[in-house]
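First the proteins, then the strands, lettered A, B, ... as listed; each starts at 1.
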Amino acid sequence: MKIASWNVNSLRVRLPQVLDWLQSHPVDILCLQETKLVDDEFPAAAVEEAGYHVVYAGQKTYNGVAILSTQEAADVVTDLPSMDDPQRRVLGATIGKLRVLNVYIPNGQSVDSEKYRYKMDWLQRLQDYVAQQLRLYPQFILLGDFNIAPEEADVHDPELWAGKVLFSDAERQAFRRLIALGLHDTFRKFSQPENTFSWWDYRAAAFRRKLGLRIDHILCSTALYEQCVTSTIDQDPRKWERPSDHAPAVAEFASSSDIAPRIPQAGEES
DNA sequence: ATGGTGGCGCGGCCA
């Protein structure tokens, strides 16, 4: 069972790349962030033609999340409890025996901004919700664009980024509090190539210069962590023409009995 | 160098 997360920075622009990537990386579940589409404009038919069910929560211009899955999603939620927020950043669903929470955590802009205070408040509410979800669902996955690089190894230049948004102490502590609830960072279960990042600024040729951060994460409950056999970041799509500024993260779990096999598409090896 | 690029949508916000 493979599950992936990808901030696509406009699904209108990136849909062909998403479909191409799925052809070569046939995951069971793909969580998207920053679709930037209202629900009426979501390309549901194209996604379904590719063999996936899909649920989504979008808005105009900003944010927007979606979950593509081979098995149909149930019990969909689109908000954190106690939060009446027009920003579409949350999509929770049950897929097979798995409870999935796809998040686009606020960016925070800069540590002295109102957006940063919104981010920290958002993280507190997320923590409360995740604590509750972990009690309800032994097989729980929290994944998405966290806009937090948790450790020094996740930052190309930790000294440069010290105290800055995406790597501030308060954000990193909030990330550690999520982990302390009983989650695990699947990426760090395995030895990884140095300087593996998931996001590179479009400006200043950051990707070519390997000036990135690892801010997209796949976290899971202990029961799933034991079953996790790979967790990687596929940096290839960042090399493509007109790419997203994020690369997809992919985790694989050994137990797959509760996940229906994906239907092979025309022209594809079965 | 307080910039740079990209998406949305057509001026300025957001990342």
Side-chain angles (χ1 to χ4, degrees), chain A residues 5-21 31-43 46-47 56-66 83 85-91 102-123 126 143-150 154-168 170-172 174-175 197-217 233-249:
Chain A
S5 173
W6 195 1
N7 178 323
V8 291
N9 185 21
S10 170
L11 188 58
R12 186 179 284 109
V13 172
R14 237 66 70 183
L15 178 64
Q17 296 188 22
V18 169
L19 296 178
D20 281 356
W21 187 81
C31 295
L32 303 178
Q33 304 88 35
E34 283 205 271
T35 55
K36 299 187 174 179
L37 289 168
V38 295
D39 290 348
D40 284 348
E41 295 177 5
F42 193 94
V47 166
Y56 41 89
Q59 68 182 87
K60 188 176 157 64
T61 310
Y62 301 117
N63 309 313
V65 282
M83 225 186 159
D85 191 345
Q87 300 188 34
R88 304 291 77 202
R89 298 178 174 278
V90 171
L91 200 52
N102 175 21
V103 292
Y104 175 44
I105 294 178
N107 172 284
Q109 196 163 61
S110 65
V111 293
D112 58 358
S113 69
E114 178 57 40
K115 290 190 175 65
Y116 183 84
R117 290 190 286 279
Y118 169 73
K119 180 180 195 173
M120 297 314 298
D121 174 65
W122 206 98
L123 283 164
L126 175 65
L143 76 169
D145 178 358
F146 284 62
N147 273 311
I148 301 173
D154 302 315
V155 181
H156 69 89
D157 185 345
E159 286 184 28
L160 175 71
W161 280 87
K164 291 198 166 76
V165 73
L166 310 183
F167 193 55
S168 72
E171 291 163 87
R172 295 172 64 192
F175 186 92
F197 305 124
S198 68
W199 170 83
W200 302 259
D201 200 310
Y202 281 122
R203 296 165 289 189
F207 181 69
R208 181 178 58 73
R209 297 159 65 200
K210 304 186 189 304
L211 307 181
L213 304 179
R214 190 177 70 97
I215 58 177
D216 300 86
H217 305 294
I233 296 167
D234 180 7
Q235 302 190 349
D236 284 345
R238 190 63 175 78
K239 304 169 187 167
W240 296 351
E241 201 174 327
R242 206 179 179 188
S244 168
D245 46 351
H246 293 252

For nucleotides [N] and [M], find the distance between their [atom1] atoms and express it as a whole number of Å.
N	M	atom1	value
B:dG11	B:dA1	C1'	26 Å
B:dA15	B:dG4	C1'	13 Å
B:dG9	B:dC14	P	14 Å

Considering residues at least two apart in sequence or located in another chain, which fulfil the side-chain contact (heavy atoms from CB on, under 4.5 Å) criterion with [X]?
X	result
A:D39	A:Y56
A:A57	A:V65, A:T78, A:R88, A:L91
A:R208	A:A205
A:Q87	A:Q59, A:N63, A:D85, A:R89, A:Y118

Report the residues that fulfil salt bridge (charged side-chain N to carboxylate O under 4.0 Å, His left out) with A:E241, sequence neighbours left out, ordered by chain and then residue number.
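Salt bridge (charged side-chain N to carboxylate O under 4.0 Å, His left out) list for A:E241, sorted by chain: empty.
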So if I define the base as every atom that isn't primed, P, OP1 or OP2, how would nucleotides 5-15 of chain B read as a B/S/- string at a heavy-atom cutoff under 4.0 Å?
BSSSS---BSB
